[in-house]
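Residue numbers start at 1 and run along the sequence shown. Atoms within a ligand are numbered from 1 in the order they appear, just like the ligands themselves.
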Amino acid sequence: MSELSVNHLLGIKYINQKDIELIFETADHFKEVINRPIKKVPSLRDITIANLFFENSTRTRLSFELAEKRLSADVVNFSAASSSVKKGETLIDTVNNILAMKVDMVVMRHPNPGAGVFLSKHVGSSIVNAGDGAHEHPTQALLDTYSIRETLGGVAGKKVVIVGDVLHSRVALSNIYALQKQGAEVMVCGPKTLIPKYINELGVKVETNLTKALQWCDVANMLRVQNERMDISYFPSTREYSQQYGVTKSILEKLDKEIVIMHPGPINRGVEITTEVADSEQAIILNQVENGVAIRMAVIYLLASKIK
Ligand code: NCD
């Protein structure tokens, strides 16, 4: 039987194309399971998973919890606001708590980049990164590219633009790695202040004009402006941002083709995307949410099968 090349999912950077294929094939199976009247399989009855969320989350936490429960794992949850958390102290505390709880797998969201890598070096449990600061969010990129594969029949050769606050987005970095590993062409589009300086090293195209970017792409993945990560102003006003970088129906109608619109959520309706576009046939935002459960089931199942 095929297995993943890794014991943890810390970032898309650390997995290869074969791993992604295996996760997708496994997710195809679980997607079929979650559409059955009985949505549960007994696969992980002897596995205990701790969900540690040091940052706010709604859909990601819910999606992981559902995935774990549908695999019949035992689940414990811990949530703490990031503001009450101090870096080193918390991670060491976390390590000790995990060791004491004897859990098999830890799903962790943490405000510090590299938190998952740190944890994986200190505990024996399998670690899944559910978002580490502005660094990586691997399951989001897997579900995003899985949704592109489902909608367009494949990822290789597709042109994907990531629009908006690339600088503060873990979704952007993980998507860039995932898309490139699957042979897609990637562009980022946004105001210069929200495009990181190191972007050229990643081999992506950069475009500051939204219409040109949309005209180029097959898929536009719209990012939320991460106000909570901004200590200064990166653009004059939200109104100006949405005028320049918000996707509206009239912009889409002017293109000479129909593109696919994605969004990781939560949506700021009227800022990066209008309600009309978000709720249109072109948008696959709710498919992404549905696929998120199947992808997380696949990741957890494949990692659990590597636990000795
Ligand atoms: C993203 C995140 O938390 O990084 N959301 C998510 O996981 N559903 C994107 C965001 O917060 O804008």
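In terms of modelled atom types and a separation under 3.5 Å, the side chain of Lys69 and the main chain of Phe64 share no donor-acceptor contact.
Taking the side chain to side chain donor-acceptor pair (under 3.5 Å) definition, one finds that Tyr245 meets it with nothing, sequence neighbours left out. Considering only residues two or more places apart in sequence or on other chains, Asp165 meets the side chain to side chain donor-acceptor pair (under 3.5 Å) condition with His168. For Ser5, the side chain to side chain donor-acceptor pair (under 3.5 Å) partners at least two apart in sequence or on another chain are Asp19.
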Report all N/O contacts between ligand 1 and the protein shorter than 3.5 Å as a table of atom names and distances to 0.1 Å; if there are none, say 'none'.
residue  : atom   : partner : partner atom : Å
ligand 1 : 3 (O)  : Arg109  : NH1          : 3.2
ligand 1 : 3 (O)  : Arg109  : NH2          : 3.3
ligand 1 : 3 (O)  : Arg170  : NH2          : 2.9
ligand 1 : 4 (O)  : Arg170  : NE           : 2.7
ligand 1 : 4 (O)  : Arg170  : NH2          : 3.4
ligand 1 : 5 (N)  : Gly265  : O            : 2.9
ligand 1 : 7 (O)  : Thr60   : OG1          : 2.9
ligand 1 : 7 (O)  : Arg109  : NH2          : 3.2
ligand 1 : 7 (O)  : His137  : NE2          : 2.7
ligand 1 : 8 (N)  : Pro264  : O            : 3.3
ligand 1 : 8 (N)  : Gly265  : O            : 3.3
ligand 1 : 11 (O) : Arg224  : NE           : 3.4
ligand 1 : 11 (O) : Arg224  : NH2          : 2.9
ligand 1 : 12 (O) : Arg224  : NE           : 2.7
ligand 1 : 12 (O) : Arg224  : NH2          : 3.3
ligand 1 : 12 (O) : Gln226  : NE2          : 2.8

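For Tyr241 and Tyr234, the distance between ring centers is not under 6.0 angstrom.
Just one of Lys158, Gln140, Gln182 meets the side chain to side chain donor-acceptor pair (under 3.5 Å) condition when paired with Thr145; it is Gln182.
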